[in-house]
There are 2 protein chains.
Amino acid sequence: MYNKGTATRTHIINTANNLFYHQGFNQTSFTDIAQSAGIPKGNFYHYFKTKEEILEDVIQQRIKNIENQLNNIEELNLQPADRIRFFISALKNNKNGFAQYGCPVGSIITELGKTQLALKTKSKMILELIQNWLSSQFQQSGKHKTTANTLSRHIMVRIQGAIVIAHAYEDKSCFTEEINQLLEWIDKEASNAE
Amino acid sequence: MYNKGTATRTHIINTANNLFYHQGFNQTSFTDIAQSAGIPKGNFYHYFKTKEEILEDVIQQRIKNIENQLNNIEELNLQPADRIRFFISALKNNKNGFAQYGCPVGSIITELGKTQLALKTKSKMILELIQNWLSSQFQQSGKHKTTANTLSRHIMVRIQGAIVIAHAYEDKSCFTEEINQLLEWIDKEASNAE
DNA sequence: GTCTATACCTTGATAGAC
DNA sequence: GTCTATCAAGGTATAGAC
């Protein structure tokens, strides 16, 4: 059953998602979102009372997308260590966006982390989702829990760092090279018995 | 000879520097800076015509500070590889600020990199200054230029990544641990002959 | 559910008296 | 060099007709 209201709402969330990524949260106004979505401002408030509400829905949508992506990887019949490699290699598909706009998650956390802690905490859940999944793969490959947590955090650090530097230098090849180094590091760590 | 005008100007730059770090550039208004500095807004415009101008001076001041810091390290009579270790270890003194506000340089580049490219390019000079110094140390320790550039960039990646994650998780120990891992990595790389 | 009009506030920026 | 008063633009948010 087609539900116009839900479709409009989803349309707003998708529009806001892109604008938050490309312009930042605070630099994106209601007017920006309404205009990009092709919806008059008045109607807009029928769906969302505040910009915070939109961000919360944007985060929920991103979480769903990443969960789907991770579930798809799980269905590929790979070994846990290869799932990790697959996930990280797939990031290279986003290299253009990373070099131009930074990480959709990392950049918004950096922005909100200064003065909007409640919203930042919610955004942080996306990072935790990914790190927990990585840690789970390491544990399935035989690592102890504490080791798996350290390794997965280290991967997060290097991914975020590679994106920050690629964005700063507007150089996507720098992201690719750092990710390839990271993949080599994983090969070494994965073969370490424990 | 005491020059009131210059002192006021410096006072404004220092105030703005802190506010840009703690609140972000776009989230810091003229009123914020004027109030924090204890200067009426009207007088304020006597010193700076636009917020962009203030940022440019803030960046220049940060560059001078870092140049001083690097020069001090050079005077310590250390081997090049030890200068690198010294610089990176010293970052641990800032761990509280990193966990609470992120990297003063990285976070502003991430913010400005989305829609204010001219200002971002100027901020980026701070990163380049540090990376060039690191690369120079590697070259002095016998590495080839291209190798030195890759190694220094990798250090920048891991520092920025460690700060982003420490900031996201509001966990300074996470920064310290990643920096310690980085120092171990440097020990290994420095001993590699070339 | 859709849209227009508008109220109210904060922002960057200026004019001009002292 | 210092300060008050003020402006125009743009922001969030609402009221209410359709």
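Owing to the predicted nature of the structure, the values given are computational and were not obtained by experimental measurement. Protein chains get the first letters and strands the later ones, always in sequence-line order, with residue 1 at the start of each.
- Rounded to whole Å, the distance from CD on A/Glu52 to P on D/dA13 is 7 Å.
- Contact check, B/Lys41 against D/dC3: no side-chain N or O comes under 4.0 Å of OP1 or OP2.
- Side chain to side chain, A/Glu74 and A/Gln137 meet the donor-acceptor criterion of an N or O pair below 3.5 Å.
- For the pair A/Tyr47 OH and D/dT12 P, the computed distance is 20 Å after rounding to whole Å.
- Checking B/Asn43 against A/Tyr45, the closest nucleotide of DNA chain D that is more toward the 5' end is the one next to B/Asn43.
- Straight-line distance from the CD1 atom of A/Ile33 to the C1' atom of D/dG10: 15 Å, rounded to whole Å.
- In this entry the distance linking CD of B/Gln27 with C1' of C/dG12 reads 15 Å, nearest Å.
- Of the listed residues (B/Lys122, B/Lys51, B/Lys49), just one forms a salt bridge (Lys or Arg N to Asp or Glu O under 4.0 Å) with B/Glu56, and that residue is B/Lys122.
- Distances were taken from every side-chain heavy atom of A/Pro40 (C-beta onward) to each of D/dA13, C/dC3, C/dG12; the shortest belongs to C/dC3.
- Atoms NE2 (A/His11) and C1' (C/dG1) sit 15 Å apart, rounded to a whole Å.
- Taking atom CG of B/Asn26 as the reference point, atom C1' of D/dG10 lies 14 Å away to the nearest angstrom.
- Atom CG of B/Leu55 is separated from atom C1' of C/dG12 by 16 Å (rounded to the nearest Å).
- One can place NE2 of A/His46 at 7 Å from P of C/dT2, the figure rounded to the nearest angstrom.
- Of the N and O atoms on the side chains of A/Asn26 and A/Gln116, at least one donor lies less than 3.5 Å from an acceptor on the other residue.
- With 3.5 Å as the limit, one finds no donor-acceptor pair spanning the side chains of A/Gln23 and B/Thr115.
- Heavy-atom nearest nucleotides on DNA chain D were determined for A/Phe30 and for B/Ile39, and the one closer to the 5' end corresponds to B/Ile39.
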